[in-house]
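This report concerns only the one structure given below.
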Protein chains: 2
Amino acid sequence: MSKSNNVYKDAYNRCLRLLDETRSLPSEPELGTLLGVSRTTVRSILARMEETGLIAWNKRAKTVLRDPRPDDFFPEEETDTLAEIIERSFMRRLLAGGAEAGMQINELELAREIGVGTTSVREFLIRFSRFGLIEKRRNSHWVLKGFTRAFALELTEIREMFELRSAAAFAALPTDSPVWADLERLEDEHRQLAREIATRFNAFSELDERFHRLIHRASRNRFIVDFYDVIAMIFHYHYQWNKAQERERNEVAVGEHLAYIEALKSRDLGKVDAACRKHLKSARQTLLTSIPESRSPKS
Amino acid sequence: MSKSNNVYKDAYNRCLRLLDETRSLPSEPELGTLLGVSRTTVRSILARMEETGLIAWNKRAKTVLRDPRPDDFFPEEETDTLAEIIERSFMRRLLAGGAEAGMQINELELAREIGVGTTSVREFLIRFSRFGLIEKRRNSHWVLKGFTRAFALELTEIREMFELRSAAAFAALPTDSPVWADLERLEDEHRQLAREIATRFNAFSELDERFHRLIHRASRNRFIVDFYDVIAMIFHYHYQWNKAQERERNEVAVGEHLAYIEALKSRDLGKVDAACRKHLKSARQTLLTSIPESRSPKS
DNA sequence: AAACTGTTTTTTCACGATAAAAGACATTAA
DNA sequence: TTAATGTCTTTTATCGTGAAAAAACAGTTT
């Protein structure tokens, strides 16, 4: 089977959505940058669109013939990367109980269960290892360290250290820095969400990530910026896992973000520190309450 | 070729050194734990030792017949892991000039040049990416970010944050904690080295790593402990690269370590902070002076 | 019966091969 | 003569395969 063409399928679907807006498509290189793929892939997309009668394609002329129908799209699940598929499978197993700390992870078994080659699983595990949840025994298997209370505490300790520093750096940024406009925009989005919190509360997690990433970027330190990947990953699955009082939690968080933004805009380091601390404290609390008490944390 | 038997060869060599000390070898499982390999490998080793007339092997009886000769050993280079070989090759290219920031890395070319499969190179690059020196373009090549001044500054910023916190945690450890004995032992080694600094100054880098790892471990935070891998890696190659004034630098560092150890033993947080800061500052300076001025740091 | 040795099965590690995707080069149109 | 299209080459992503190494099982010895 060697390689799935999910890049093509995903780009094709995104290109279909473009069709609604225009009567004719731009040049191949332009489409390429627009979709984030190479011209080779763009041409496959165009070829198929011609075949299915969506467009007429002759050299530079790419005229839209009809609007895309639902069945023109490739099914969602065929557009995922292998890495995403493996990650989801792995996290499901990890969170859906029975994942005791110390348990060993079998590459071959995982690969068979997901229906992929061992190489992909190996590469996934290597990439995943930086999240601190698994560990490799030299020349041997991987060991699961478990999504425990200790893990959450270690993670949040670093997070707090990094974010306090980033927030301070943010506040010290010159007034003409473009981040202030970004912050303004995020503030608007927060206010909007606050108004519609009753119905749109699940839109928070995405906004949360963008907000914190903006702040972390102010540190101008790749290790701090990269570490947010760990946090984002954990919170991503945590949100899916723990739906208890989601609406209330998010409402509180939006309020804290707004206060935090206010503090940043004041550029008063004392206020920034206080607002940041307050938010991080409740974020930690949220994470901690969702973790079941650890059983017997051995070695 | 599929897989080299470097585990066997390395364990065999180490086992040869064991032969000098005893008249007969222990049981297979015991040898296994001693050498850190499985019983399967132990049996291969014993089989070969019997063949070459080093021992007589009959079930439990493994009597040493003669002392090992130099030519009994496998050549050193055959005992390295593929990962080590790739890392060395890669770092040599990276440090030996011509490694401009922004340059792209070609898996296939690297693999061919080193004479290994692409899979091993890919896995190496994924593992190596956490050091922050390279970055992956989705569905495409890796990009070298370069061993620049900016990199060194970002690295040391985190290092200082982590070490100051770890040192404070260390000083707060209860008196009956085993780390105090470890520290005592390290202090002795430092004193010894200080006395013989003229001849043994290159023994410092190994001692340095052990000392700092001991301190970082006091943080009881996996992210802090793991981050020392990044530091260790950089300093390892940095030591090989920059030999200028090595003796003087190391002499100074040993002195700083001793003051640092003294401060830790006093358990006075103010003193610890001061000693730690002082040492980290000069460590940063050392690293920075060895990096040539960056040319044009783009994007 | 506890700990060892002998044997078999399973898993990890690394390779070469192949389709997807990217990239480079040659050609043509505006 | 610039920027597109058409064509060809190279690189990346993924798999199946096989040897090395680990692990499990079964039979022995003390």
Side-chain angles (χ1 to χ4, degrees), chain A residues 1-11 26-32 35-47 57-62 81-83 85-86 104-112 115-126 136-142, chain B residues 1-11 26-32 35-47 57-62 81-83 85-86 104-112 115-126 136-142:
Chain A
M1 203 205 299
S2 85
K3 194 181 179 180
S4 94
N5 54 354
N6 66 79
V7 172
Y8 157 71
K9 286 179 176 171
D10 181 54
S27 77
E28 293 173 12
E30 204 169 327
L31 259 177
L35 297 169
V37 295
S38 76
R39 203 157 70 78
T40 308
T41 306
V42 168
R43 299 190 111 239
S44 313
I45 292 171
L46 292 173
W57 182 25
N58 186 281
K59 314 223 163 164
R60 322 205 157 196
K62 307 168 197 85
T81 359
L82 238 205
I85 295 169
I86 297 175
Q104 71 188 61
I105 298 162
N106 187 320
E107 289 178 5
L108 204 61
E109 189 188 313
L110 253 178
R112 271 194 296 246
V116 298
T118 51
T119 316
S120 316
V121 170
R122 281 173 66 76
E123 287 182 6
F124 164 76
L125 291 172
I126 295 170
K136 174 101 183 128
R137 289 286 139 86
R138 201 157 176 293
N139 278 321
S140 180
H141 54 260
W142 291 84
Chain B
M1 204 207 295
S2 86
K3 196 180 180 182
S4 94
N5 54 355
N6 67 77
V7 172
Y8 156 71
K9 285 177 176 172
D10 181 53
S27 77
E28 294 173 12
E30 203 170 328
L31 258 177
L35 297 168
V37 295
S38 75
R39 203 156 69 80
T40 308
T41 305
V42 168
R43 298 190 111 239
S44 312
I45 292 171
L46 292 174
W57 182 24
N58 186 282
K59 314 224 163 164
R60 324 210 153 193
K62 307 168 195 87
T81 11
L82 239 205
I85 294 169
I86 297 175
Q104 71 187 60
I105 298 163
N106 187 319
E107 290 177 5
L108 204 60
E109 190 188 312
L110 252 180
R112 272 195 294 246
V116 298
T118 51
T119 316
S120 317
V121 170
R122 280 173 67 77
E123 288 180 5
F124 164 76
L125 291 171
I126 295 170
K136 174 101 183 129
R137 289 287 138 85
R138 203 155 173 295
N139 277 321
S140 182
H141 54 260
W142 291 85

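Numbered from 1 within each chain, the chains take letters A, B, ... in sequence-line order.
- Taking CZ from R137(B) and CD1 from I105(B), the interatomic distance works out to 11.0 Å, rounded to the nearest 0.5 Å.
- Following rounding to the nearest Å, R60(A) (CZ) and dT28(C) (P) show an atom-to-atom distance of 13 Å.
- Comparing the local axis fitted to the first five base pairs of the helix from dA1(C)-dT30(D) to dA30(C)-dT1(D) with the one fitted to its last five gives a bend of 30°, rounded to 10°.
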Seminar exercise, completed: With B for base contact, S for sugar-phosphate-only contact and - for none (protein heavy atoms under 4.0 Å), nucleotides 16-21 of chain C reads B-BSBS

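- Along DNA chain D, the nucleotide closest to E109(B) and the one closest to G36(B) are compared, and the more 5′ of them pairs with E109(B).
- The side-chain heavy atoms of V116(B) and I86(B), taken from C-beta on, include a pair separated by under 4.5 Å.
- The phosphate of dT10(C) has neither OP1 nor OP2 within less than 4.0 Å of any side-chain N or O from H141(A).
- Considering only side-chain N and O atoms, K59(A) lies nowhere under 4.0 angstrom from the phosphate OP1 or OP2 of dT28(C).
- Taken from CH2 in W57(B) to CD in E28(B), the straight-line distance is 5.5 Å, to the nearest 0.5 Å.
- Along DNA chain C, the nucleotide nearest to R39(B) and the one nearest to T81(B) differ in position, and the one closer to the 5' end is contacted by R39(B).
- Among the atoms of the strands shown, none is found under 4.0 Å from any heavy atom of L125(B).
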For this session: Could you walk me through whether I45(A) and L31(A) pass side chain to side chain contact (heavy atoms under 4.5 Å, CB included), step by step?
Result: CA-CA 10 Å; I45(A) 292 171; L31(A) 259 177; over 6 Å; no

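- I86(B) comes within contact range of no nucleotide atom at all, as no heavy-atom separation falls under 4.0 Å.
- We find the CG-OG1 distance between N139(B) and T41(A) to be 8.0 Å, quoted to the nearest 0.5 Å.
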Exercise. Taking it one step at a time, do E123(B) and L82(B) satisfy side chain to side chain contact (heavy atoms under 4.5 Å, CB included)?
Worked result: CA-CA 11 Å; E123(B) 288 180 5; L82(B) 239 205; over 6 Å; no

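- Distance N106(B) CG to dA22(C) P: 16 Å, rounded to the nearest Å.
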For this session: Go through the steps for I126(A) and W142(A) under the test side chain to side chain contact (heavy atoms under 4.5 Å, CB included), then give the verdict.
Result: CA-CA 10 Å; I126(A) 295 170; W142(A) 291 84; 4.2 Å; yes

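- The distance between atom CD1 of I85(B) and atom C1' of dC13(C), rounded to the nearest whole Å, is 13 Å.
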Problem set entry | Test side chain to side chain contact (heavy atoms under 4.5 Å, CB included) applied to T119(A) and R122(B), step by step | CA-CA 10 Å; T119(A) 316; R122(B) 280 173 67 77; over 6 Å; no

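- Nucleotides of DNA chain D that come within less than 4.0 Å of any heavy atom of chain A span, from the 5' end to the 3' end, dA4(D) to dA23(D).
- For the pair K62(B) and W142(A), both in contact range of DNA chain C, the more 5′-proximal nearest nucleotide belongs to K62(B).
- When rounded to the nearest whole Å, the span between CZ of R112(A) and P of dT12(C) equals 10 Å.
- Atom CZ of R43(A) and atom P of dG23(C) are 16 Å apart (whole Å).
- Look at CZ on R122(A): it is 14 Å from P on dT11(C), rounded to the nearest Å.
- Distance check, rounded to the nearest 0.5 Å: CZ of R112(B) to CG of N106(B) gives 7.0 Å.
- Here CD of E109(B) is found 9.5 Å from CD of Q104(B). Values are rounded to the nearest 0.5 Å.
- Taking atom CD of Q104(B) as the reference point, atom C1' of dA24(C) lies 12 Å away to the nearest angstrom.
- Considering only side-chain atoms of E30(B), the nucleotide from dC4(C), dT12(C), dG6(C) that sits closest is dC4(C).
- For V121(A) against E107(A), the heavy-atom pair with the smallest separation is CG1-O, 4.0 Å.
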